[in-house]
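Take a look at the structure set out below.
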Amino acid sequence: MKNKKVVNVLLGVLALLLVVGMAYQFTPNVGSLFRGQQKGTPALKVNGQTVTAEELEALRRSVPVLSSVESGVLADDFKTLVVAQKARQVLLTQAAKDIDVSRADVNAEVKKVREANNLTDNKAWTDALQGAGLTDASFRQQTRDQLAVNRKVEELQKAVQPATDAEARLYYDLNPQLFQSDARIVGREIVVADEAKARSLLAQVKGGADFAQLASQNSTEFKDRGGALGPVENGSPRAVAQVALPSEVGAAAFALTQGGVTDVISSGGKFYIVKVEKYLPAATKPFAEARADAVTAVDKQKKDAALEQWVTDLERTAKIEPIDPNWKTENPVVASVGGQNIPYSDVIGQIAPNQQFTSLLGQVPAEQVAQLVNSILKPQVVEGLIQSYAAPKIVQAKKLALTGTRQELASALAAYGSRDVQVTDADIQKFYLQNPKAFETPASATVSEASFADKNKALAFRQSWNGQGDFAAAAGKAGGTVSERGEVKPGTPEAPGTLSPELDAAVFTAKDLRPAGEGSLSDVVQVGKRYSVAYVTDLKRASVQPLAEVRDQIREQVLAQKRGQAGQAYLAKEVAALKPVNNLQKVLTAQEKRVAAQAPKTPATGAAATPGSSEPGSTDKAASGAAGGANDSSAPADAAPGGTTDR
């Protein structure tokens, strides 16, 4: 068991040698390529090469979600995906047969794996392989296949033409968010080791004292340049990015987009005060500065597109022949657009790794999940696939200098369609008024609660204590019990606060807090059968950021929202012009009937049932479960790649 575990891990590591990524919309653990051998029950042929039921089953069980359901619609879906993905893996290996991989290359890779897993001893290595059902020879052959595919992909991508200036420029224009310079500030700081001293200096600053002079006289950092955050050039400090400051200090300073002075901020045992003299928001770099990054991005897109097209061409011409009825699948054309057919396995390939789907599958019966997926998720996925499959046709027709995979082209078209969207002052004002909660700074306070059994004692204590001495000691002497609540915020119906509702209101809502020393006392309020009074310090009332401070933030949010809407509308219009055909409901209806027909028949009431028997034409449950659910042998005329028809 230990050896098998070790080998499964090392095989997973070795599997990374195979270039996957966008070549698979969803690829189960590629390490499963190594777990099966040609010996076993023939299940299907891919271009004449036999794939065994054991290989398919190993692939299915290598991914928890694919092996989580044994029958029904979802099991049928997962089996279709397993067959399609295994066929894809075989096709890639076949396509790389012309690549020369020397014995020395294979030996070098095997040596790396053995050393990385502490299996340099020959017996340990052999035992580990045997534990996974492998031999040294079969492992080396599969290593050779992986290296060949890897090199085939590299060869393919080397032949791709580099990005042109037009392609790089359009990529830059449509993705300004990728070429932003960091926000910066021109400012000064005072750093001291004592909080009381820091607060005294802050009071002097607020009183009109010269910040630079105070920094020169008191700061432990940059005092030689008046606390300037950046080197002084031509009489002014150089602007700095947020990373130049400790995280807490930087967050407070960069929140002052209109300039100003921060409160005293504690960080790393020091106390900071920062004066922001000028805030420089993030801005798009000029194309001359961003060109190299744009070219790199476009080059990658073009290489990914070439790989996607290579895989698509392999699948389009592949011949898949079922042998074992338990592994016969249906993979019909679920939609078509612009002369491109979309196989049903593409839909499942996007649903299977969806986190919401996998989470739901662990909480709800599979039958209910299937209904939800069929009615909500699959229609959304198919619409998205129609857009991505249509994108290359639209780009070609419009002669746009866009590059990338189908999905990247669809996203680029949406960006192209929204490139002229603008945000007006009216848009900003409307957003600000409609989303007041987004710009609120909640109230907060540090609270100590004194609880009394007698109301009169509580009232007497509130009236007599003037803030001198220790609150807890004074309240205890007066007959109260003190609870230190620490820093608290007001509660809401959705998220109750630390304080009881009565005391919460007395602290944050009431207007009659009585000053006491460095803080104030709340009214006496009844909490259950006792009476409480709160000692409140560091009280900060709730406030709303003025529009001037958040205008830039709102502009970016509204711009993204408007661009998203305009981009989707543009893409939908262009796709509609290609008159796509959506067969999803037809495919789902046929699948439902097929799966129902294959389910074990329930004996009629009163009829004698022989253990282990089933109605004529039904599928043995155990065999069906082992294969992930059997499928109908009849294939629709419009079967897609990965189905049961020749292509």
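We number each residue from 1, following the sequence as shown. As the structure is a prediction and not an experimental result, all values here were calculated from the model.
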Do other residues, nucleotides or ligands put more than 12 heavy atoms under 6.0 Å from [X] [atom1]?
X    : atom1 : result
K275 : NZ    : no
K562 : NZ    : yes
Q463 : CD    : no
Q363 : CD    : yes

So, [X] and [Y]: side-chain donor and acceptor under 3.5 Å apart, yes or no?
X    : Y    : result
S543 : E440 : no
E449 : S532 : yes
Q422 : D427 : no
E518 : T537 : no
E308 : T405 : no
N456 : Y531 : no
R61  : S67  : no
S267 : E248 : yes

Only one of V186, V276, I185 forms a side chain to side chain contact (heavy atoms under 4.5 Å, CB included) with L229, so which one is it? I185
Report the C-alpha distance between Y432 and V550 in whole Å, list the side-chain angles of each, state the deciding distance to 0.1 Å, and finish with yes or no for side chain to side chain contact (heavy atoms under 4.5 Å, CB included). CA-CA 9 Å; Y432 181 76; V550 295; 3.9 Å; yes
In Å and rounded to the nearest 0.5 Å, what is the [atom1] to [atom2] distance from [X] to [Y]?
X    : Y    : atom1 : atom2 : value
D182 : F254 : CG    : CZ    : 8.5 Å
Q545 : T257 : CD    : OG1   : 8.0 Å
E70  : S68  : CD    : OG    : 8.5 Å
Q371 : I376 : CD    : CD1   : 11.0 Å
E549 : I554 : CD    : CD1   : 11.0 Å
I351 : F78  : CD1   : CZ    : 9.0 Å

Charged N to carboxylate O under 4.0 angstrom, R199 versus D263? yes
Do the side chains of E277 and R184 get close enough for a salt bridge, i.e. N-O under 4.0 angstrom? no
Would you say that [X] contacts [Y] through its side chain, given a criterion of any heavy-atom pair below 4.5 Å between the two side chains?
X    : Y    : result
F508 : L539 : yes
P379 : L584 : yes
L201 : V264 : no
V295 : D293 : no
L413 : E574 : no
V274 : V261 : no

Between [X] (side chain only) and [Y] (backbone N and O only), is there a donor and an acceptor less than 3.5 Å apart?
X    : Y    : answer
S181 : A283 : yes
N466 : Q468 : yes
D504 : S500 : no
R406 : A390 : no
T220 : V191 : yes
S520 : P515 : no

I need the minimum non-hydrogen distance between [X] and [Y], along with the two atoms involved.
X    : Y    : value
A472 : V482 : CA-CG2, 3.7 Å
F271 : A198 : CB-CB, 3.8 Å
A183 : Y279 : CB-OH, 3.6 Å
A443 : P490 : O-CD, 3.1 Å

Look at the aromatic rings of Y535 and F471 and report parallel, tilted or perpendicular, splitting at 30° and 60°. parallel
Give the ring-plane orientation class for F439 versus F431, where under 30° counts as parallel, over 60° as perpendicular and anything between as tilted. perpendicular
Within 45° of the six-membered ring axis of F211 and under 6.0 Å from that ring's centre, is NZ or CZ of R188 located there? no
Can the positive tip of R169 be found less than 6.0 Å from the middle of the six-membered ring of F287, inside 45° of the ring normal? yes
Would L377 and L372 satisfy side chain to side chain contact (heavy atoms under 4.5 Å, CB included), going step by step from the backbone distance to the final call? CA-CA 7 Å; L377 192 52; L372 291 171; over 6 Å; no
